[in-house]
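Side chains included, hydrogens not; waters and symmetry mates left out as well; all remaining heavy atoms used.
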Amino acid sequence: MLKSRQILAAAVALLAVRIAHADVLEHVPADALMAIKVANVQQTSTKIAKLAKDFGIDAFVAPIQNPLGWAKTSAKVEKGINDAGEAAFVMFSPKRGDGREPGMIVLVPVSNYAEFISNFAGATTEGNTTVARIAGGRRNSYVSDWGGYAAISPIKALVEAKPTATLKLAGLPAKEAAKQDFLLYANFASITPEVQPELEKAFTEGLVEIDREDEIPAKWKPLLRVGFTQLINIARAGLRDGEAATIGVNISDAGINATVEAQFKPDSYIGKFATGLKNTDKALTTGLPATKYLYYGGMATDPTSVATVFDDITKPIVEELNKIQGQEKSREFAAALSATVRSTRGAVFGMPVPAKIQQDALFQQVTIYDGDAAQYQKLMSATSDMTTSLLGAIEMPQGRTAPKLNTSSPAKTVEGVTLTSWKLDMQTNQDDPNAMQAEAMMGMFYGTEGINYSFGPLGAQSFLLASCASEETIG
């Protein structure tokens, strides 16, 4: 008998541990639009505090020194919280809210629900729900026990009963939910019915606006209508074919790692496209300069699959463009872009930390493309011609000069590689204080050289494009 009791006690203890560490998304109602999950709140809080200290910003933002402790103190909620549990912020359709704003629920992990409720002085009970005023809140909140979680919302109907149907993550979203400190999960089963009518409304209104805009020349309106239609079609396809999407953030000693993933219906247009893409096990950041980065990343693409989708999107636009007289440069650019897409196998990119503050640009970018370098060179030449043509067509107010793309800058050689240089020349009115202030801001963002580009082949199948980057960084 004693042995049976011991086994039963062990089973109960294991069940309690399972409940305490259950995925909070399994408690989110199935009709939620989206949910933001926070993994182990204490552990995540500690990671944030350490990262802030490593970055040297903890002294300037006191709450970030202990985010969980600050949140507890601010809300005056100290008792009954399971610091090792997961938390979630859930958003619903306005139909489930007050009719105007989306409904919201916060799921707080609790170790003892009764102790948690004792944090709120003057709380009252209405059926299964407690009415409480959280410190700093402008109105009452409703709190219910959802088994290991306190469900809190300003709308009683959202929390008074624990949901019988909840989110069931599978595939990529489930894998992301298991490994990220923060995860935003978008539920397309609920999002699509909400967004689709608004998208169609925006489409109808957009076409009407294009037709009645007097400042748009008549010859351009068919092209704008087609371009706008294709943009809407992309959004339609995403809503129609999507099942779920996630944005994940993981914090480590090295910094912040972010991922964006989407899951589509396997037999849909986008689903078939995604299935046809070839993955790679190669390192995606090989070739970037060895320096510190504000962000960096890489990608691998399948030229054949991407080209098919690219053609589906751009073909109607190009057909309309071909009907307009005097747009040879634009057509050359479109042809060069199409050919480049067909040759691209991937890219690595990064935004380096400026080596010399107030001298080097803040917005530096270095990108290395894996593809036909000669084709990229043709694309840059076509881009130059089209940009120059467009800038030349700008009508400026009297006394002001339109920006010019200076492509006559001499080529420069860095580490034995010859690069072409571009610079966008923008004349500033020296007598205008606002213009001078804007120029100073531009200098901070883009460096003393202003907006400039350097590009050229690194070999037959590799091409460098750097914006506002110093020769030291490029080297």
Side-chain angles (χ1 to χ4, degrees), residues 11-41 80-82 84-99 101-117 123-132 134 140-178 180 183-196 239 242-246 263 265:
V12 171
L14 287 172
L15 178 61
V17 169
R18 172 70 185 94
I19 291 174
H21 294 278
D23 187 342
V24 67
L25 295 180
E26 294 177 2
H27 291 70
V28 174
D31 63 340
L33 294 179
M34 62 182 63
I36 299 176
K37 168 187 168 179
V38 183
N40 189 310
V41 288
I81 293 181
N82 173 17
E86 299 177 341
F89 304 86
V90 188
M91 187 174 76
F92 298 85
S93 160
K95 297 172 186 174
R96 291 266 274 142
D98 60 7
E101 296 180 0
M104 299 287 293
I105 291 178
V106 178
L107 291 174
V108 178
V110 293
S111 55
N112 187 305
Y113 182 76
E115 284 187 6
F116 179 77
I117 292 300
T124 59
T125 301
E126 296 180 1
N128 297 326
T129 307
T130 297
V131 184
I134 299 175
N140 287 336
S141 293
Y142 298 90
V143 190
S144 294
D145 184 359
W146 280 11
Y149 293 93
I152 307 172
S153 176
I155 300 171
K156 183 179 180 181
L158 287 177
V159 297
E160 58 185 348
K162 185 178 178 180
T164 55
T166 60
L167 293 180
K168 303 297 182 184
L169 273 63
L172 289 175
K175 292 179 181 179
E176 286 299 293
Q180 302 292 357
L183 182 87
L184 186 152
Y185 175 81
N187 180 21
F188 275 66
S190 294
I191 290 174
T192 297
E194 288 291 323
V195 176
Q196 236 170 7
L239 291 174
E243 290 185 329
T246 66
Q263 183 166 289
K265 298 169 186 173

Colleague: For residues Val131 and Tyr142, determine if any side-chain heavy atom of one lies less than 4.5 Å from a side-chain heavy atom of the other.
Modeller: yes
Colleague: If you take all heavy atoms of Leu169 and Ala177, which pair is closest and at what distance?
Modeller: CD2-CB, 3.8 Å
Colleague: Considering all heavy atoms of both residues, which atom of Ala87 and which atom of Val24 are nearest to each other, and what is their separation?
Modeller: O-CG1, 3.7 Å
Colleague: Between Trp146 and Val159, which heavy-atom pair has the shortest distance, and what is it?
Modeller: NE1-O, 3.2 Å
Colleague: Evaluate side-chain contact (heavy atoms from CB on, under 4.5 Å) for Thr166 paired with Val28, printing each intermediate quantity in order.
Modeller: CA-CA 5 Å; Thr166 60; Val28 174; 5.8 Å; no
Colleague: Do Glu126 and Glu160 have side-chain heavy atoms sitting under 4.5 Å apart?
Modeller: no
Colleague: Quick check: are there more than 12 heavy atoms from other residues, nucleotides or ligands sitting under 6.0 Å from CG of Asn112?
Modeller: yes
Colleague: CG/Asn140 to NZ/Lys156 distance, rounded to the nearest 0.5 angstrom?
Modeller: 11.5 Å
Colleague: Nearest 0.5 Å, what's the OH-CG distance between Tyr185 and Leu25?
Modeller: 8.5 Å
Colleague: Check whether Asn187 reaches the backbone of Ala32 with its side chain - one donor and one acceptor, N or O, closer than 3.5 Å.
Modeller: yes
Colleague: When you check the side-chain N and O atoms of Glu176 and Thr246, is any donor under 3.5 Å from an acceptor?
Modeller: no
Colleague: Write down the atom of Ser93, the atom of Glu194, and the distance for their closest heavy-atom approach.
Modeller: OG-OE2, 2.9 Å
Colleague: Mind checking the CD1-CG spacing from Ile36 to Leu184? Nearest 0.5 Å is all I need.
Modeller: 5.0 Å
Colleague: Taking all heavy atoms of His27 and all of Pro163, pick out the closest pair and write down the distance.
Modeller: O-CG, 3.7 Å
Colleague: Is any side-chain heavy atom of Phe92 less than 4.5 Å from a side-chain heavy atom of Ser190?
Modeller: no
Colleague: With a 4.5 Å limit on heavy-atom distance, are the side chains of Val143 and Phe116 in contact?
Modeller: yes
Colleague: Less than 4.5 Å apart, side chain to side chain, heavy atoms only: is that true for Phe89 and Val38?
Modeller: yes
Colleague: To the nearest 0.5 Å, what is the distance between CD1 on Ile152 and OG1 on Thr129?
Modeller: 12.0 Å
Colleague: Give me the atom names and distance for the closest heavy-atom approach of Pro154 to Met104.
Modeller: CD-O, 3.8 Å
Colleague: With rounding to the nearest 0.5 Å, note down the distance linking CD1 in Ile105 to OG in Ser141.
Modeller: 12.0 Å
Colleague: How many angstroms lie between atom CD of Gln180 and atom NZ of Lys37, to the nearest 0.5 angstrom?
Modeller: 9.5 Å
